[in-house]
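For ligands, and for the atoms within them, numbers begin at 1 and follow the listed sequence. All heavy atoms count here, side chains included; hydrogens, waters and symmetry mates do not.
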Amino acid sequence: MEKHLTRRGFIRNAAIGSAALAGMSGPRAPSVFAAEADKPALLGGKPVHRGGWPRWPQWNESWEADVVKVLRSGRWCRAGESGKDVQAFEAAWAKLLGAKRCLATASGTTSLIIALHVVGVDAGDEVIVSPFTFIATYSAVLNRKALPVFADTDPASLTMDPATIESRITERTRAILPVHIYGLPCDMDPINAIARKHKLGVVEDACQAWLGEYKGRKCGVLGDLGGFSFQNSKHIPAGEGGAVTGDSDELIDKCYSFHHCGSAFGTNKGKGYFTCGDNYRMMHYQAAILLQQFDKLVKDTARRRANADHLTSGLKQIPGIEPARLPENSRAVYHLYPFRYDAEQFNGLTRDKFMRALSAEGIPCSGGYREQYYDGVLDEATASRGYKRLFSAKRLKAYRDSFQELKGNQLVCQTTIGMTQSMLLAERSDMDQIIEAVRKIRTHSAALAKA
Ligand SMILES: Cc1ncc(COP(=O)(O)O)c(C=O)c1O
């Protein structure tokens with residue numbers, strides 16, 4: 001857990017990457033690095049970067065008063081519309097996104113569960129899902145006792161390949177669940193067109209895509225409903241938290257009822273707890289923290305984008321490094337800065353060793369998601385009594401066999417590397433050093449591969 005910071009500490013924390021680099025970004029810097037460029041840090045040379053990247057989460061003591069106000073009000077729960085922070089957050093988040101409505105929720109996972117329920121996903125249905133994602137996308141579908149059926153991943157964009165959706169649609173398919181993974185917007189026009197043609201709901205997993213844009217509109221308002229996460233690592237964090245966004249009063253009113261134990265709300269009329277529901281409510285504390293961060297999110301997003309664009313322009317010149325391609329007229333927000341790595345262009349240096357070499361140069365990085373459909377959770381679900389009642393043995397076998405067809409996703413899982421979002425809040429000179437470090441590793445890739 002991050003230690004509490006004073007205002008000065010906050011600024012120091014946020015700027016730690018640049019401060020540490022102040023002496024390195026002047027005219028002397030290139031000669032220092034040129035001298036060290038000969039030997040990779042993994043083989044005993046001097047790292048390109050001195051470390052000290054911006055840390056996450058970041059907060060300010062000026063936020064404390066509003067959190068304490070919630071505490072002293074005694075109104076911590078939004079049930080019965082007591083308190084005002086959650087409602088204020090919903091109005092502000094909807095406005096920022098250009099959505100008609102927003103419902104705050106306990107988490108991103110619960111936002112997806114609610115949205116899937118409200119677009120009509122029921123036990124025994126199927127949902128077309130992006131496989132390259134955090135496990136919560138799969139588990140939200142399993143929570144509805146539906147089958148997450150995977151479209152393939154486009155290796156160029158790292159998102160759902162729309163060309164692979166239609167062949168997966170069956171008479172049970174009820175919805176499509178594209179994921180704007182790492183804040184890279186999916187190509188939503190063809191996805192929405194397929195959904196319209198087959199009368200399917202579209203729930204966007206925008207849990208990593210706060211302020212992502214596709215053709216002038218924000219992620220999370222491109223389908224029927226969108227789900228967001230405000231968990232600790234996210235660009236606008238509250239420890240835990242989520243939201244459902246959309247333009248339909250009817251759908252969001254249903255979301256409200258479902259998230260508040262099935263009580264009547266707005267156009268969703270009834271008596272008492274008249275419809276199916278659960279407790280997926282956000283607390284006022286969470287909203288009070290989120291409300292502090294709107295300006296910060298906007299500013300941070302602009303900075304991440306500018307630095308990511310700079311990285312892309314440098315890294316794409318290096319053979320064997322392929323930054324993610326965005327759909328036309330879209331803007332990513334980079335929860336991770338991802339690229340695909342081709343070991344052949346690096347003298348056979350494995351991805352694992354490349355990542356170790358880059359980390360040794362002072363550039364922390366990690367692989368992307370695994371082929372999680374082999375991890376066990378889907379086998380556990382489909383072997384369960386419930387799923388055996390809901391789906392035929394033939395369907396479940398064909399489902400399991402279909403994982404082998406996910407060649408694009410397999411490639412993406414094997415070759416993606418990412419750097420975390422807070423690194424993109426550092427200086428332009430830090431981005432130059434990332435590019436320099438990758439170049440250095442490529443120059444010495446034969447030696448590194450042998451070592
Ligand atoms: C793509 C994606 N979907 C869903 C979730 C679930 O969000 P939460 O952790 O807030 O439940 C996350 C969170 O990490 C996510 O990254």
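Residue contact check: Thr137 has heavy atoms under 4.0 Å from atoms 3 (N) of ligand 1. Those atoms of ligand 1 with a heavy atom of Thr109 less than 4.0 angstrom away are 6 (C), 7 (O), 8 (P), 11 (O). Close approach to Cys207 involves these atoms of ligand 1, each under 4.0 Å from a residue heavy atom: 2 (C), 3 (N), 4 (C), 5 (C), 12 (C), 15 (C). Near Thr133, the atoms of ligand 1 lying under 4.0 angstrom from a non-hydrogen atom of the residue are 1 (C). Annotation for ligand 1: atoms under 4.0 Å from non-hydrogen atoms of Ala136 are 4 (C), 5 (C), 6 (C).
For Tyr387 and Tyr399, the distance between ring centers is not under 6.0 angstrom.
Using the six-membered ring where Trp is involved, Tyr138 and Phe150 have ring planes that are tilted, between 30° and 60° apart. Between His260 and Tyr256, the ring planes are perpendicular. Angles over 60° get that label, and only those under 30° would be called parallel.
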Quick one, Lys397 with Asp401, criterion salt bridge (Lys or Arg N to Asp or Glu O under 4.0 Å). Give me CA distance, side-chain angles, the key distance, then yes/no. CA-CA 6 Å; Lys397 177 169 186 324; Asp401 291 347; 2.6 Å; yes
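Remark: ligand 1 and Lys234 share an N or O pair separated by less than 3.5 Å (distance only, no angle test). Inclusion of Thr110 in the set of residues having an N or O under 3.5 Å from an N or O of ligand 1 is not warranted. Inclusion of Gln231 in the set of residues having an N or O under 3.5 Å from an N or O of ligand 1 is not warranted. Considering backbone and side-chain N/O atoms, Tyr369 never comes within less than 3.5 Å of an N/O atom of ligand 1.
Of all protein heavy atoms, the one lying nearest to atom 16 (O) of ligand 1 is Gln208 NE2, 2.8 Å. At the top of the distance list for atom 3 (N) of ligand 1, counting protein heavy atoms only, stands Asp205 OD2, 2.8 Å. At the shortest separation from atom 12 (C) of ligand 1 among protein heavy atoms lies Phe134 CD2, 3.6 Å.
A cation-pi geometry, defined here as NZ or CZ lying under 6.0 Å from the six-membered ring centre and within 45° of its normal, holds between Arg304 and Trp56.
Among the candidates Arg78, Lys84, Lys95, Lys100, the single residue satisfying the salt bridge (Lys or Arg N to Asp or Glu O under 4.0 Å) test with Glu90 is Arg78.
Among residues at least two apart or in separate chains, side-chain hydrogen bond (donor to acceptor under 3.5 Å, both in side chains) pairs with a member in residues 123-135 are Glu126-Thr170, Glu126-Arg395, Thr133-Thr137.
Between Asp152 and Lys407, no side-chain nitrogen of the basic residue sits less than 4.0 Å from a carboxylate oxygen of the acidic one, so the salt-bridge criterion is not met.
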